[in-house]
Amino acid sequence: MDYLTPNPKLYNVAWQTDEFNGMPWRLFGRSGLRVSAIGLGTWKMGYPETGDGARVDEKTSMAILDRSVELGMTHWDTANRYNNASGNCERILGKWFAANPDQRRNVVIATKIFGGMDGRSPNHSRLSRLSIMESTYACLERMQLEAIDIMYFHSYDPITPLEESLEAIEDLIRQDLIRYLAVSNYTVDQLRATDAAARAISGRVTIQAVENNYDILNREQADKPGVLDWCARNGASYIAWSPLARGLLTNRYLDPAKAAKGDRLVDEGMLKDVTPETFEKLRKLAAIAEEGGLTVSQLALAYMLTLPGMGPVIPSSTSVKQLEDNAKAGTVKLGEDQLAAIRTALA
């Protein structure tokens, strides 16, 4: 075989695809990495029977992960501290990867480090070189992986010099233990400072994404305004955590009187904080969704994907049925009339 002559079939079928198992993929920040338009937040996965605070047990988690691959939802987001800093979410993923080694290349796995984990000394947290290195090794062990595709700084560290943190990441990338850097829960000023420090060091390690809270009802957190716009102007991907407003952006809460134990907003005591104005917006969105043959969650996720600067969205799922509902949003194309109606409903 002449290895220097391109095979047209390979180029057309394998090397130029923009989807996987029917799910469109999009670029991750300024990199060449691509991730599924609808991904999966895994923070609910763990071992509820141990008291770790998880909401999805191992058996259900495995079924969700299996189905997510079938649906092309293979941008998976986790963190070492999920579920009461137990590491159990990463362990669930590790068991899945061990059982499905042939699927590793199809999954883009992201995790996060910063908070106290794996011990109680002052060096078991934050973004010192020691903490970054040891935390990364522990994440790799729990997930039974040789490399992590995306490593997030879970929060900004005002104590450790930025250069120390970024140089540690660069060393880990050079060792191929992680591939890309992203950050979470950052303000615009913190992003600017980190970006400037990264460029001053070498320019090779850059922030590819920012994972902050965002949903279409509440938009950005009040103490972190302007991050979506920063991402749009700088080519980074805004990854929204809790894009469905902790479950509010679903058909479940159209009649709040019917909400019951087992619903997250009820269990966590947050339903009482939802204003009548917010419920009115929710009902307007539901009417638009119904007219388009969509659920509220599908409409919300599809609309988010149209926002400048917004990257893939990573809703969590507690069941395969919920996962399948979310997946459909990845292929929804909203028309101009629908977009205008949504903007009016949210005004």
Just verifying a value: how many Å separate [X] [atom1] and [Y] [atom2], rounded to the nearest 0.5 Å?
{"X": "Leu65", "Y": "Leu323", "atom1": "CG", "atom2": "CG", "answer": "9.0 Å"}
{"X": "Leu285", "Y": "Glu290", "atom1": "CG", "atom2": "CD", "answer": "13.0 Å"}
{"X": "Met304", "Y": "Tyr238", "atom1": "CE", "atom2": "OH", "answer": "8.0 Å"}
{"X": "Asn83", "Y": "Met45", "atom1": "CG", "atom2": "CE", "answer": "10.5 Å"}
{"X": "Ile178", "Y": "Ile109", "atom1": "CD1", "atom2": "CD1", "answer": "14.0 Å"}
{"X": "Met151", "Y": "Leu172", "atom1": "CE", "atom2": "CG", "answer": "7.5 Å"}

Give the C-alpha distance, both sets of side-chain angles, the deciding distance and a yes or no for side-chain contact (heavy atoms from CB on, under 4.5 Å) between Leu181 and Phe153. CA-CA 8 Å; Leu181 172 67; Phe153 290 164; 4.1 Å; yes
Hey, are [X] and [Y] close enough for a salt bridge, meaning a charged N less than 4.0 Å from a carboxylate O?
{"X": "Lys321", "Y": "Glu324", "result": "no"}
{"X": "Asp18", "Y": "Arg34", "result": "yes"}
{"X": "Lys281", "Y": "Glu277", "result": "no"}
{"X": "Asp195", "Y": "Arg199", "result": "yes"}

Are any non-hydrogen side-chain atoms of [X] and [Y] less than 4.5 angstrom apart?
{"X": "Ser155", "Y": "Gln190", "answer": "no"}
{"X": "Glu170", "Y": "Gln175", "answer": "no"}
{"X": "Asp223", "Y": "Thr187", "answer": "no"}
{"X": "Met310", "Y": "Leu228", "answer": "yes"}
{"X": "His75", "Y": "Ile314", "answer": "yes"}
{"X": "Thr331", "Y": "Met23", "answer": "no"}
{"X": "Ile38", "Y": "Pro312", "answer": "no"}
{"X": "Ile92", "Y": "Tyr47", "answer": "yes"}

At their closest point, which heavy atom of [X] faces which heavy atom of [Y], and how far apart are they?
{"X": "Cys231", "Y": "Gly309", "value": "CB-O, 4.0 Å"}
{"X": "Cys139", "Y": "Asn80", "value": "SG-CB, 3.9 Å"}
{"X": "Ala329", "Y": "Leu305", "value": "O-CD1, 4.2 Å"}
{"X": "Ser316", "Y": "Lys44", "value": "OG-CE, 3.4 Å"}
{"X": "Met73", "Y": "Gly39", "value": "CE-O, 3.4 Å"}
{"X": "Leu177", "Y": "Glu146", "value": "CD2-O, 3.7 Å"}

Report the C-alpha distance between Glu134 and Asp118 in whole Å, list the side-chain angles of each, state the deciding distance to 0.1 Å, and finish with yes or no for side-chain contact (heavy atoms from CB on, under 4.5 Å). CA-CA 9 Å; Glu134 294 296 334; Asp118 302 313; over 6 Å; no
Are there over 12 heavy-atom neighbours, none belonging to [X], within less than 6.0 Å of that residue's [atom1]?
{"X": "Lys224", "atom1": "NZ", "answer": "yes"}
{"X": "Glu19", "atom1": "CD", "answer": "yes"}
{"X": "Glu291", "atom1": "CD", "answer": "no"}
{"X": "Asp337", "atom1": "CG", "answer": "no"}

Between [X] and [Y], is there a donor-acceptor pair closer than 3.5 Å when you use the side chain of the first and the backbone of the second?
{"X": "Gln103", "Y": "Phe97", "result": "no"}
{"X": "Glu220", "Y": "Gly226", "result": "yes"}
{"X": "Gln298", "Y": "Asp325", "result": "yes"}
{"X": "Asn212", "Y": "Val227", "result": "no"}
{"X": "Asp77", "Y": "Ala110", "result": "no"}
{"X": "Asp215", "Y": "Leu217", "result": "yes"}
{"X": "Asn100", "Y": "Asp102", "result": "no"}
{"X": "Ser165", "Y": "Leu127", "result": "yes"}
{"X": "Glu164", "Y": "Arg129", "result": "yes"}
{"X": "Arg104", "Y": "Val107", "result": "yes"}

Identified side-chain contact (heavy atoms from CB on, under 4.5 Å) counterpart of Leu294 within the set Leu334, Leu301, Ile288: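 That would be Leu334; it is the only one of Leu334, Leu301, Ile288 passing the side-chain contact (heavy atoms from CB on, under 4.5 Å) with Leu294.
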With a 3.5 Å cut-off and no angle check, do the side chains of [X] and [Y] form a donor-acceptor pair?
{"X": "Asp52", "Y": "Asn88", "value": "yes"}
{"X": "Thr60", "Y": "Asp57", "value": "yes"}
{"X": "Gln208", "Y": "Ser237", "value": "no"}
{"X": "Ser68", "Y": "Glu70", "value": "no"}
{"X": "Thr278", "Y": "Thr275", "value": "yes"}
{"X": "Thr111", "Y": "Glu90", "value": "yes"}
{"X": "Tyr82", "Y": "Lys112", "value": "yes"}
{"X": "Asn185", "Y": "Trp241", "value": "yes"}

I want to check a possible cation-pi pair here: Arg81 against Phe114, using under 6.0 Å from ring centre and within 45° of the ring axis as the test. no
Before giving the answer on side-chain contact (heavy atoms from CB on, under 4.5 Å), spell out for Val35 and Phe20 the whole-Å C-alpha distance, their side-chain angles and the decisive distance to 0.1 Å. CA-CA 10 Å; Val35 295; Phe20 175 65; over 6 Å; no
Candidate pair Tyr303 and Val332, rule side-chain contact (heavy atoms from CB on, under 4.5 Å), full reasoning: CA-CA 9 Å; Tyr303 179 70; Val332 170; over 6 Å; no
Is it true that [X] and [Y] fall in one hydrophobic cluster, defined by side-chain heavy atoms closer than 4.5 Å?
{"X": "Leu130", "Y": "Ile148", "result": "no"}
{"X": "Ile207", "Y": "Leu27", "result": "no"}
{"X": "Val183", "Y": "Met117", "result": "no"}

Do the rings of Tyr156 and Tyr186 sit parallel, tilted or perpendicular, given the 30° and 60° boundaries? perpendicular
